[in-house]
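Structure record follows, encoded as structure tokens.
Here the structure is a predicted model, which means the values were calculated and not measured.
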Amino acid sequence: MAVVVRAGAAPLWWFGVVAAGVGAAPEGWTGRRIGVFAGAALFVVAAAVVALTRRRRYDALARGASRAGKYDVLQDRAVTVRNWRRGHRWWLALAWALALGSAFAVPVAGGLLLAGCGTGLRLKAGWLGRRERALDSLLWVRVDWLDGRGGRPAGKAVKGLRGTGIAAGDAAPGGTRRRTAALV
């Protein structure tokens, strides 16, 4: 589940940083100084809102997680990330274009808003990782319960989560890539 949450964090962060960097060039209607301060405020607010929304739903799903069965379809981390990014590529491109376009009105602010959303997703995935460590179980969403774009891990279609051992699969708690032991 944390893998699906974390899948959008990196693209949102990087598109936001690039949009903020490019958005610093035009003076805009408000001026760069006001744009940077407004962008910083939007970054903090967006990160907090994204990180804190739907926590009760995630917590309820985590508490009700059942052991993954033999016939549950669970997919690798790389496949989940690829499906999410392919399913949301047009939304990401539109968000990036809007962040760039907003720089002519309020420089830097749109890019920092986008980067704040990415930071909030990373914070939410970290919180889910701490929950997984506390439960000593990786939490999975069945693939057939995700929406057509590979997202919405706590949507209406998700009736419950499946749990496996911490060492199962190629994901570590929090949706990060599992580190393999170095060969000596």
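Here the side chains of Val4 and Trp84 are in contact, with some heavy-atom distance below 4.5 Å. Looking only at side-chain heavy atoms (C-beta outward), Leu42 and Leu112 stay at 4.5 Å or farther from each other. Side-chain atoms of Val158 and Arg57, non-hydrogen and from C-beta on, do get closer than 4.5 Å to each other. Side-chain contact between Leu139 and Leu128 is absent, with no heavy atoms from C-beta onward closer than 4.5 Å. In this structure, Pro107 and Thr30 have side chains that are in contact, with non-hydrogen atoms separated by less than 4.5 Å. At least one side-chain heavy atom of Thr53 sits under 4.5 Å from a side-chain heavy atom of Lys124.
The backbone N or O of Ala7 sits less than 3.5 Å from a side-chain atom of Arg85, completing a donor-acceptor pair. Checking side-chain atoms of Arg32 against main-chain N and O of Ala24 turns up a donor-acceptor pair under 3.5 Å. In terms of modelled atom types and a separation under 3.5 Å, the side chain of Thr80 and the main chain of Val3 share no donor-acceptor contact.
Closest of all the heavy-atom pairs between Gly118 and Ala9 is O-CB, 3.5 Å. Minimum interatomic distance between Ala125 and Arg6 (heavy atoms only, all atoms of both residues): CB-CB, 3.8 Å. The two residues Ala46 and Leu113 have their closest heavy-atom pair at CB-CD1, 3.7 Å. The two atoms that bring Leu123 and Ala51 nearest to each other are CB-CB, 3.9 Å, heavy atoms only. Across every non-hydrogen atom of Gly23 and Ala103, the tightest pair is CA-CB, 3.4 Å. For the residue pair Pro11 and Leu92, the shortest heavy atom distance occurs at CB-CD1, 3.8 Å.
Taking CZ of Phe43 as the reference point, atom SG of Cys117 lies at 9.5 Å (rounded to 0.5 Å). Summarising the geometry, atom CG belonging to Leu61 is positioned 8.5 Å from atom CZ belonging to Arg54; distances are rounded to the nearest 0.5 Å. Rounding to the nearest 0.5 Å places CZ of Arg82 at 5.0 Å from CZ of Arg86. Rounding to the nearest 0.5 angstrom, the gap separating the CG atom in Leu161 from the CD atom in Glu132 is 9.0 Å.
Few gaps surround NZ on Lys159; more than 12 heavy atoms of other groups in view lie less than 6.0 Å from it.
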Legend entry - Test log, rule side-chain contact (heavy atoms from CB on, under 4.5 Å), inputs Val22 and Leu100: CA-CA 7 Å; Val22 172; Leu100 278 177; 3.6 Å; yes
Legend entry - Derivation and outcome, side-chain contact (heavy atoms from CB on, under 4.5 Å), residues Trp29 and Val106: CA-CA 6 Å; Trp29 291 337; Val106 185; over 6 Å; no
Inset, instruction - May I have the step-by-step check of side-chain contact (heavy atoms from CB on, under 4.5 Å) for Arg67 and Arg162, ending in yes or no? - result: CA-CA 5 Å; Arg67 190 84 176 139; Arg162 302 296 188 249; over 6 Å; no
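Side-chain N/O atoms of Thr119 and Trp13 include no donor and acceptor closer than 3.5 Å.
Cation-pi check for Arg55 over Trp127 is met; the charged atom lies under 6.0 angstrom from the ring centroid and within 45 degrees of its normal.
Follow the hydrophobic side-chain contacts under 4.5 Å out from Leu121 and you reach Tyr58 in the same cluster.
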